[in-house]
There are 2 protein chains.
Amino acid sequence: MAKCSINKNTRQHQLSRYLNEDPFLTDDDLSRIFGVSIQTIRLDRFDLHIPELRERLKNVARGGNRQLRTMDGGELVGDLVDLDIGNSGISILPVTPAMTLNKTSVARGHHIFAQANSLAVAVIDAGAALTGSARVSYKRPVYCGEKILAKAVIKIKKGNKYMVKVTSEVKDEIVFKGKFLVFALQEEGVSQ
Amino acid sequence: MAKCSINKNTRQHQLSRYLNEDPFLTDDDLSRIFGVSIQTIRLDRFDLHIPELRERLKNVARGGNRQLRTMDGGELVGDLVDLDIGNSGISILPVTPAMTLNKTSVARGHHIFAQANSLAVAVIDAGAALTGSARVSYKRPVYCGEKILAKAVIKIKKGNKYMVKVTSEVKDEIVFKGKFLVFALQEEGVSQ
DNA sequence: ACTATTCTTGGTACCAGGTACTAATTTTTT
DNA sequence: AAAAAATTAGTACCTGGTACCAAGAATAGT
C-alpha cells in the first residue's frame, strides 16, 4: 500500500494546489492532468472535501461580491496618476465590461462623467468640495478595453468657487470634455 | 404593440437590473419573479445578450475579484418606479454611505448624475442609447439617508436625437436639474 | 504463493440549468 | 378579420456533475 498510497497522497496534494490556483478546472481537466480516470478525481475531491466546479465558482463569485459594493476604493473614480493640488490632475480609467451598455460594448456616460467629476473635485485644495453645475459633452463612444485618460485643470478661482476644465482622451483622441463649477467646503473636517 | 411592447421592455429592463444586482438568479427564479414562462425569460436574456447563470458566475468569479464595479453596476442607477418608454420615467435612488464624501455625509455629484443620466437613456425607445452632451446643475447637497426621486421627460425628438430633461427631488425639493442630449443607436437590436 | 485490503476504473441512472429548435397559442395592432 | 408580435409548450441534447454498484489492479501481510 506504500507506493500506491504515496502516489495517491501526492496526487491529492497537488490536486488541492491546482484547484487553489485555478478553481475553474473541471474533473475532466484534472483527470487529463493527472492521467487518471475521472472517477479517481471525484474520489479525491470527496476525500479532500472539495466541492464540484459550480459550487467552487459560486463561492468565488460570492466572495467577490462582498468586496464590490464600496465603489472604486476611494473618493476617486479611476487611478490618479498625477496631482498638483490647486492646479491640475490626471487620472486613468480602464473601461471594463461592467461599465458598458448591455447590448454594445460602449461605456455608459456616467462613468466617464464620474471620472471627470471626481478628478475635478480632487484637484481642489480643500477638505471637501461639491459640484455645483457642469456642462459636458461626449465626443465619441468609448469602448470596452480602452483606457480613458482624464486631465483636469483649474481655470478660475473666486473665493470658494472653482471652474475646472476636464478633457478625457483615449490615445490622444478627445472623447469627452467638461466644465465643472465646484464649491469648496471650508467648514469642519478639513482635517488631515 | 404599444402596450405589450412597454410591458416587455420594462420587464427586460427590470430583468437586467435584477441580474446585475444578483447574478445568481436562475431562469426559473426569474420566471417566478415576473410571472412569465421560463421561455420568455430565455428570450429576454437572448435579446439582452445576457448569458446563462453559469457563464455569469464564471464572469463574476473571474473579474469580480478585482475589476469591481465602479458604480452600482446595473443598467440603471436607482430603482425604476415608472417607465413610459418614449416619453418619461421615474427612478428612486436612496443615498447610502458609500455614495458620500469622506468627511461629510453629502452625496457625490456623479452619483446624482448617474441616476439622471441612466434614466434619461432608459426612457429612449431604442435598444441602446448614448449621451451626447449634458448640462446639469446641483441645487442643494443631498445627504446620506435621503432618497432622490428623478423624473425624466423627453422634450424634443429629432431623428435619433433626443433632448431629455431630468429633475431630481428630495421630498418635493429640487436638488438637481439636467438637460441631456441623447442619441439612439438604431443598429441591430432595436428589439421589436 | 495466497489472501485481504486498498486503490482505481467502468458503467449506469439521475439531476440542474441550461441551448437550440419547432410549433402552437395568446395578445395586440392594423 | 387578418397580420404581426409576444408568449408558452415541448422536445432533443449538452455539461458537469452526484450517487451508487461492481469489477479489476496493485500492494501488503502472512
Side-chain angles (χ1 to χ4, degrees), chain A residues 1-16 18-62 65 102-103, chain B residues 1-16 18-62 64 83-87 125-127 186 188-192:
Chain A
M1 154 172 155
K3 200 172 170 188
C4 186
S5 200
I6 284 168
N7 285 342
K8 186 186 176 185
N9 278 332
T10 50
R11 187 188 60 233
Q12 292 192 342
H13 245 97
Q14 292 190 315
L15 187 143
S16 177
Y18 267 81
L19 284 181
N20 259 319
E21 274 185 28
D22 185 0
F24 291 79
L25 294 167
T26 64
D27 287 0
D28 194 66
D29 293 335
L30 292 162
S31 78
R32 284 161 211 273
I33 289 171
F34 292 106
V36 295
S37 75
I38 220 167
Q39 283 82 352
T40 302
I41 296 294
R42 310 244 219 248
L43 289 170
D44 284 347
R45 271 200 303 103
F46 186 81
D47 284 351
L48 298 165
H49 299 104
I50 295 174
E52 62 167 292
L53 174 79
R54 292 141 183 168
E55 288 306 314
R56 294 196 302 267
L57 291 191
K58 272 187 204 169
N59 293 338
V60 178
R62 257 193 275 276
N65 244 356
N102 260 344
K103 305 207 171 189
Chain B
M1 147 177 159
K3 199 169 168 190
C4 185
S5 200
I6 283 166
N7 288 340
K8 187 185 175 185
N9 278 330
T10 46
R11 187 188 60 234
Q12 293 190 344
H13 250 97
Q14 292 189 315
L15 188 143
S16 176
Y18 267 81
L19 285 181
N20 263 313
E21 270 183 31
D22 185 1
F24 291 80
L25 293 168
T26 64
D27 287 0
D28 194 66
D29 293 336
L30 292 163
S31 78
R32 284 161 210 273
I33 288 171
F34 291 106
V36 296
S37 74
I38 219 166
Q39 282 83 353
T40 302
I41 296 296
R42 311 243 220 247
L43 288 171
D44 285 346
R45 273 199 302 104
F46 186 80
D47 283 352
L48 299 166
H49 298 104
I50 295 174
E52 62 166 293
L53 175 79
R54 293 139 184 170
E55 288 306 313
R56 295 197 300 271
L57 292 191
K58 272 186 205 170
N59 293 339
V60 177
R62 253 195 279 275
L83 184 62
D84 177 8
I85 283 199
N87 288 300
D125 185 16
Q186 62 266 70
E188 22 111 47
V190 182
S191 70
Q192 296 63 16

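Lettering follows sequence order; numbering is per chain, from 1.
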Between [N] ([atom2]) and [X] ([atom1]): distance, integer Å:
X: A/Phe46; N: C/dT6; atom1: CZ; atom2: C1'; answer: 16 Å
X: A/Arg45; N: C/dC7; atom1: CZ; atom2: P; answer: 18 Å
X: A/Lys8; N: D/dT27; atom1: NZ; atom2: P; answer: 14 Å
X: A/Leu53; N: C/dG17; atom1: CG; atom2: P; answer: 14 Å
X: A/Ile38; N: D/dT18; atom1: CD1; atom2: P; answer: 10 Å
X: B/Arg56; N: C/dG18; atom1: CZ; atom2: C1'; answer: 10 Å
X: A/Arg11; N: C/dT9; atom1: CZ; atom2: C1'; answer: 12 Å
X: A/Phe24; N: D/dG16; atom1: CZ; atom2: C1'; answer: 15 Å

Inset, instruction - Report which part of the nucleic acid B/Leu43 touches: base, sugar-phosphate, or nothing (heavy-atom distance under 4.0 Å, all strands). - result: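 Base: the residue B/Leu43, judged by heavy atoms under 4.0 Å, touches a nucleobase.
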Inset, instruction - Classify the nucleic acid contact of B/Glu52 as base, sugar-phosphate or nothing, counting any heavy atom under 4.0 Å across all strands shown. - result: sugar-phosphate
Inset, instruction - Indicate yes or no: at least one non-hydrogen side-chain atom of B/Asn20 is less than 4.5 angstrom from one of B/Ser16. - result: yes
Inset, instruction - Mark yes or no for whether B/Asp22, through its side chain, and B/Tyr18, through its backbone, hold a donor-acceptor pair below 3.5 Å. - result: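 No; judged by distance alone, with no hydrogens or angles, the pair does not exist.
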Legend entry - Expected output: side-chain A/Asp29 to main-chain A/Thr26 donor-acceptor under 3.5 Å: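 Checking the backbone N and O of A/Thr26 against the side chain of A/Asp29, a donor-acceptor pair under 3.5 Å is found.
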Output the single nucleotide from [options] whose closest atom is nearest the side chain of [X].
X: B/Thr26; options: D/dT7, C/dG18, C/dT8; answer: C/dG18
X: A/Asp27; options: C/dG18, C/dC7, D/dG17; answer: D/dG17
X: B/Thr40; options: D/dT8, D/dG17, C/dG10; answer: D/dT8
X: B/Gln39; options: C/dT9, D/dG17, D/dA9; answer: D/dA9

I'd like a table of donor-acceptor pairs (distance under 3.5 Å, sequence neighbours excluded) in which one partner is a side-chain atom from residues 46-53 of chain A, with atom names and distances.
| unit_1 | atom_1 | unit_2 | atom_2 | d |
| --- | --- | --- | --- | --- |
| A/Asp47 | OD2 | A/Gln12 | NE2 | 3.0 |
| A/Glu52 | OE1 | A/Arg54 | NH1 | 3.3 |

Legend entry - Within 6.0 Å of CZ in B/Phe34, more than 12 heavy atoms from elsewhere: yes
Legend entry - Comparing B/Arg54 and B/Gly35 on DNA chain D - which has the more 5′ nearest nucleotide: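 Going by which nucleotide is closer to the 5' end, it is B/Gly35.
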